[in-house]
Protein chains: 2
Amino acid sequence: MTTNQSESHVLSKSCQYALRAVVYIAAHSTTTHLVGAQEMADGLDIPKHFLSKILQQLTRNQVISSTKGPHGGFFLSKENERITIDRIVEIMDGPGLFKACVLGLPQCSSTKPCPLHFQAVEYRDGLYNKLKRLNIKELALVVHQENIKI
Amino acid sequence: MTTNQSESHVLSKSCQYALRAVVYIAAHSTTTHLVGAQEMADGLDIPKHFLSKILQQLTRNQVISSTKGPHGGFFLSKENERITIDRIVEIMDGPGLFKACVLGLPQCSSTKPCPLHFQAVEYRDGLYNKLKRLNIKELALVVHQENIKI
DNA sequence: TTAATAAAGGATATAAGGGTCTTTTATTAG
DNA sequence: CTAATAAAAGACCCTTATATCCTTTATTAA
Ligand code: FES
Ligand code: FES
């Protein structure tokens with residue numbers, strides 16, 4: 001068949017890792033035990049140093065919180081828990097993902113649509129609206145209740 | 001805000017170019033005039049040599065047809081016109097795009113879902129089903145009738 | 001105060017996608 | 001047959017995402 005092997009994806013690997021890490025922190029951090037980068041890397045099977053970069057980025061953007069030193073690690077503040085999922089995607093993959101034309105045309109609008117606009121936009125916007133309404137706390141709660149894998 | 005600049009996407013650039021090229025061929029090739037790579041590169045604002053690679057790949061996979069030499073170029077056979085859009089995506093971006101977990105987990109299923117499975121799957125499967133049912137001829141017809149930009 | 005710990009930060013390496021250039025092959029007009 | 005044309009093919013380079021390593025900073029326990 002001669003395919004390209006390019007294996008495209010909706011979310012970058014960094015973004016996938018970021019989302020899983022946030023859920024992991026929500027699930028495993030307690031007041032007495034903060035989650036370390038090493039622990040997360042092991043638990044999620046993500047390269048530690050790469051994960052660390054992503055965690056730094058999330059911390060800088062105040063999506064997660066951290067403290068250094070012995071028994072240091074990552075956790076979620078109340079403010080963190082109210083961050084919505086679309087924000088994490090925006091930080092990791094940029095603001096364009098849910099705005100850009102599927103065919104890469106410079107503009108995306110219903111008045112000047114590309115050939116696949118109406119096919120793509122219905123679902124694109126649908127997912128975007130869901131992620132905009134879903135915050136970390138809510139996501140973590142469902143994950144816990146349904147015993148969902150990360 | 002410190003974003004990543006990674007600008008993720010649903011379809012790879014190669015795939016976007018491929019889809020636009022196919023529509024262009026459908027719109028501009030006649031029995032007396034085949035569409036050349038140069039003409040397409042100009043018309044679609046795609047780097048010529050890169051486009052050529054993509055056209056080669058589409059030809060090898062019998063999505064489009066071509067002849068060499070003077071007045072040579074690309075065109076669509078009756079068989080080509082019946083190719084569905086999902087097939088082009090499959091050739092360019094691999095078969096995984098509409099099957100893989102959005103969070104990159106090794107399995108995607110409703111029985112062992114990831115945290116975003118139900119949010120994402122509706123989007124993913126919805127688009128996939130539309131593209132599976134839409135062939136090149138049909139797409140080109142709509143593009144022509146609605147005077148849609150490529 | 002010191003040693004240990006863990007995140008933050010910076011520099012660097014690797015792989016893949018995107019893009020360019022040159023040569024070869026097929027086709028056609030003259 | 002020859003010259004011109006245009007796709008096919010292969011080699012190559014650039015940029016970016018992914019991944020690794022090393023040093024610095026902050027925190028804690030002793
Ligand atoms: S114009 Fe292409 S998706 Fe909207
Ligand atoms: S398991 Fe992640 S999208 Fe289905």
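Quick note on labels: first sequence line is chain A, next is B, and so on, each numbered from 1. Note that the structure is predicted; figures quoted are calculated from it, not measured. Basis for what follows: all heavy atoms, side chains included, without hydrogens, waters or symmetry-related copies.
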Please report the distance, rounded to the nearest Å, between [atom1] in [X] and [atom2] in [N].
| X | N | atom1 | atom2 | value |
| --- | --- | --- | --- | --- |
| A:D42 | C:dA6 | CG | P | 13 Å |
| A:I25 | C:dA7 | CD1 | C1' | 12 Å |
| A:N61 | C:dA8 | CG | P | 12 Å |
| A:L51 | D:dA19 | CG | P | 11 Å |
| A:K13 | C:dA15 | NZ | P | 13 Å |
| A:I54 | D:dA19 | CD1 | P | 8 Å |
| A:L34 | D:dA26 | CG | P | 18 Å |
| A:D93 | D:dA17 | CG | P | 9 Å |

*Under 4.0 Å between a side-chain N/O of A:Y17 and OP1 or OP2 of D:dT18, yes or no?*
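Negative; the distance criterion is not met.
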_Tell me if the NE2 atom of A:H71 is crowded by more than 12 foreign heavy atoms within 6.0 Å._
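No, not enclosed.
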*Is it the case that more than 12 heavy atoms not belonging to B:E138 sit under 6.0 Å from its CD atom?*
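Enclosed.
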*Residue that, paired with B:C15, satisfies side chain to side chain contact (heavy atoms under 4.5 Å, CB included) out of B:V89, B:L97, B:I54, B:V10*: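 When side chain to side chain contact (heavy atoms under 4.5 Å, CB included) is applied between B:C15 and each of B:V89, B:L97, B:I54, B:V10, only B:V89 qualifies.
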*asked:* If the condition is salt bridge (charged side-chain N to carboxylate O under 4.0 Å, His left out), which residues does B:K137 pass it with, not counting sequence neighbours?
replied: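 B:E81.
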*Heavy-atom side-chain contact between B:L139 and A:L116 under 4.5 Å*: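 When only atoms from C-beta onward are counted, A:L116 and B:L139 do touch, with a gap below 4.5 Å.
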*Once each nucleotide of nucleotides 5-13 of chain D is scored for protein heavy atoms under 4.0 Å, what B/S/- sequence comes out, 5' to 3'?*
BBBBBBB--
_Set of ring-ring contact (aromatic ring centres under 6.0 Å, His included) partners for A:F118, sequence neighbours left out_ =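 Partners of A:F118 under the ring-ring contact (aromatic ring centres under 6.0 Å, His included) test: none.
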